[in-house]
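To start, the structure under review is shown below, and the notes come after it.
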Protein chains: 4
Amino acid sequence: MNFNDQQAIYLQIADYICEQLLLDQWPASERIPSVRDLAAVVEVNPNTVMRAYDFLQQKQVIYNKRGIGFFAGEEAKQQIIAYRKERFLAEELPAFFKTLYLLDISMEELQQRYNTFVSDTYPDQP
Amino acid sequence: MNFNDQQAIYLQIADYICEQLLLDQWPASERIPSVRDLAAVVEVNPNTVMRAYDFLQQKQVIYNKRGIGFFAGEEAKQQIIAYRKERFLAEELPAFFKTLYLLDISMEELQQRYNTFVSDTYPDQP
Amino acid sequence: MNFNDQQAIYLQIADYICEQLLLDQWPASERIPSVRDLAAVVEVNPNTVMRAYDFLQQKQVIYNKRGIGFFAGEEAKQQIIAYRKERFLAEELPAFFKTLYLLDISMEELQQRYNTFVSDTYPDQP
Amino acid sequence: MNFNDQQAIYLQIADYICEQLLLDQWPASERIPSVRDLAAVVEVNPNTVMRAYDFLQQKQVIYNKRGIGFFAGEEAKQQIIAYRKERFLAEELPAFFKTLYLLDISMEELQQRYNTFVSDTYPDQP
DNA sequence: GTGGTCTAGACCACC
DNA sequence: GTGGTCTAGACCACA
């Protein structure tokens, strides 16, 4: 986790969890790591992880069985995509396009960098 | 200025100033509005504008003459582009690409939305 | 803090912090006093201390963890020395030498006064 | 003149005048440049030069004949030296020594740099 | 008129 | 508890 980031740590953790689920690193409809375990992994206070789980629970991405743990819902991936796609298109994309325009970055350059990024970051994909 | 934004107002103002310079709304190597004037225009406290000017001065985009005012450096536009392009490519683009990938948004769709954005936002451009 | 000084209070505080670190009064790579605590100690407004911390953070002498506090980096001392030595040699020393020359103060006299100063100010040193 | 300096421009000008006098560039007991002339030379507002002249007049370094101009007193050089030496030893030297100590700059290094400085800056002197 | 600094006090998100 | 931002208002030195 990056401490000196604009984005709150609990949101960084929430994003991390979503990523794991979208990439099928954590099998859907199964138990996800306990608050304490994940806190140890990412080296933050358990309260902070708890807040991320709370946040995702409100977004109906994960749910909780008392005394057992947190689980990713069957429809977790769709929930995540729906929630984030909407926000992304409406809020982040315009600012991103403005930056592209002002910094004079062409779509061709972007396309090229994207291809590089994908093949570097997700080499396993077909 | 958007008061209910994650981004601090003084950073929004700094971005606004950069935009004016990049779009040649404010002639480079000339005096930019005084702290008090800009504060009146954007309707915030002069201290907040001052903080934006401070910020840009540290980034070497603008400089200041005692008792006279703030000026955009000759090379202001290059400074802005250099400073922001570097940060953009290194920090924002990977996160952006990751989102594109995870949300399964194609470059074709992106291209299309970009064209719409540009013609809507900067209709005067050739 | 000296309120009737040319130098701004927040810069005096920044110098004070650097001094504490250089003299190992505050262990490096540890948390330094909170904004509010230091403000109480030096009897200024917390905002003023905050400005000093901001300043040192930009100089990469200290850094900050959200909701936890400010920390002196491992390499804080080297950063301070590097940053100040460079500026000192380039900007202050020539003016100082010019004054020595114009006021006709010899290096012998300087040496003598320096010895007195050191033994008066840092009597503990070997 | 350096606009973005901590030191006020009028004080920079006053220092410049003192330098000229100490180095006998401007013959003592003669008329020194008019406010307008010097303002043109150093490219500042005449008011600012006037303020420097005022300042030096209060320090009894120069004096004024109405309608004729400013003159350096016979004893100008001694006045300058007296005024500045006192202030220098009392106010600037301790801070300078502290910096030397904290930045770990030895008197040997200082001596060496001083020699270089003098031979570079005042090559005409014996 | 310009910027520069400081205060007092408020509110917020975050850990 | 921590820092972060903003306001309102004051005072100052400077050009």
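Lettering follows sequence order; numbering is per chain, from 1.
Residue-to-nucleotide proximity on DNA chain F shows that, of B/Q12 and D/L11, the 5′-proximal contact is made by B/Q12. Taking for each of B/K65 and C/Q7 the nucleotide of DNA chain E with the nearest heavy atom, the 5'-most of the two is the partner of B/K65. Each of D/F3 and B/P46 lies near DNA chain F, and the nucleotide nearest B/P46 is the one positioned closer to the 5' end.
Between A/I13 atom CD1 and E/dC15 atom C1' there is a gap of 11 Å when expressed in whole angstrom units. One interatomic measurement links the two molecules: CE of B/M50 to P of E/dC6, which rounds to 12 Å at whole-angstrom precision. Residue A/I9 contributes atom CD1, which lies 12 Å from atom C1' of E/dA13 at whole-angstrom precision. Rounded to a whole Å, the CD1 atom of C/I32 is 13 Å from the C1' atom of F/dT2. Following rounding to the nearest Å, B/D5 (CG) and F/dC6 (C1') show an atom-to-atom distance of 15 Å. If you measure from atom CG of B/N4 to atom C1' of E/dC11, you get 13 Å, rounded to the nearest angstrom. We find that CZ of C/R51 is positioned 11 Å from P of E/dT7, with the value rounded to whole Å. Residue C/L38 contributes atom CG, which lies 10 Å from atom P of F/dG3 at whole-angstrom precision.
Geometrically, B/R66 does not engage D/F3 in a cation-pi contact, judged by NZ or CZ lying under 6.0 Å from the ring centre and within 45° of the ring axis. A cation-pi contact, defined as under 6.0 Å to the ring centre and within 45° of the axis, is absent between C/R31 and C/F71.
Ion pairing of B/K59 with B/D54 is absent here, as no side-chain N (NZ or NE/NH1/NH2) approaches a carboxylate O to less than 4.0 Å.
A donor-acceptor pair is defined here as one N or O able to donate and one able to accept, closer than 3.5 Å; no such pair exists between the side chain of A/Q60 and the backbone of A/Q79.
When the nucleotides E/dG3, E/dT5, F/dC6 are ranked by their closest atom to the side chain of C/A8, E/dT5 comes out on top. Side-chain proximity of B/F70 to E/dT7, F/dG3, E/dG3: nearest is E/dG3. In the set E/dT7, F/dT7, F/dG4, E/dT7 carries the atom at the smallest distance from any side-chain atom of C/N45.
Applying the 4.0 Å criterion to OP1 and OP2 of E/dC6, one finds that C/T48 has every side-chain N and O outside that range. Within the structure, a side-chain polar atom (N or O) of A/Y10 is placed less than 4.0 Å from OP1 or OP2 of E/dC14. Between C/R66 and the phosphate of F/dT2, there is no side-chain N or O to OP1/OP2 separation shorter than 4.0 Å.
Scanning atom types as modelled, no donor and acceptor separated by under 3.5 angstrom connect the side chain of C/R36 and the base of F/dG1.
With hydrogens and angles left out, the side-chain atoms of C/Q58 and B/Q58 include a donor and acceptor closer than 3.5 Å.
Base-pair partner of F/dG4: E/dC11 (Watson-Crick or G-U wobble, both distances under 3.5 Å).
Aromatic ring pairs are classed by plane angle as parallel below 30°, tilted from 30° to 60° and perpendicular above 60°; the pair B/Y10 and B/F55 is perpendicular.
Using a 4.0 Å heavy-atom cutoff across all strands shown, D/N47 reaches no nucleic acid atom at all. Among the protein residues, C/Y53 comes within range of no part of the nucleic acid, since none of its heavy atoms lies under 4.0 Å from any strand.
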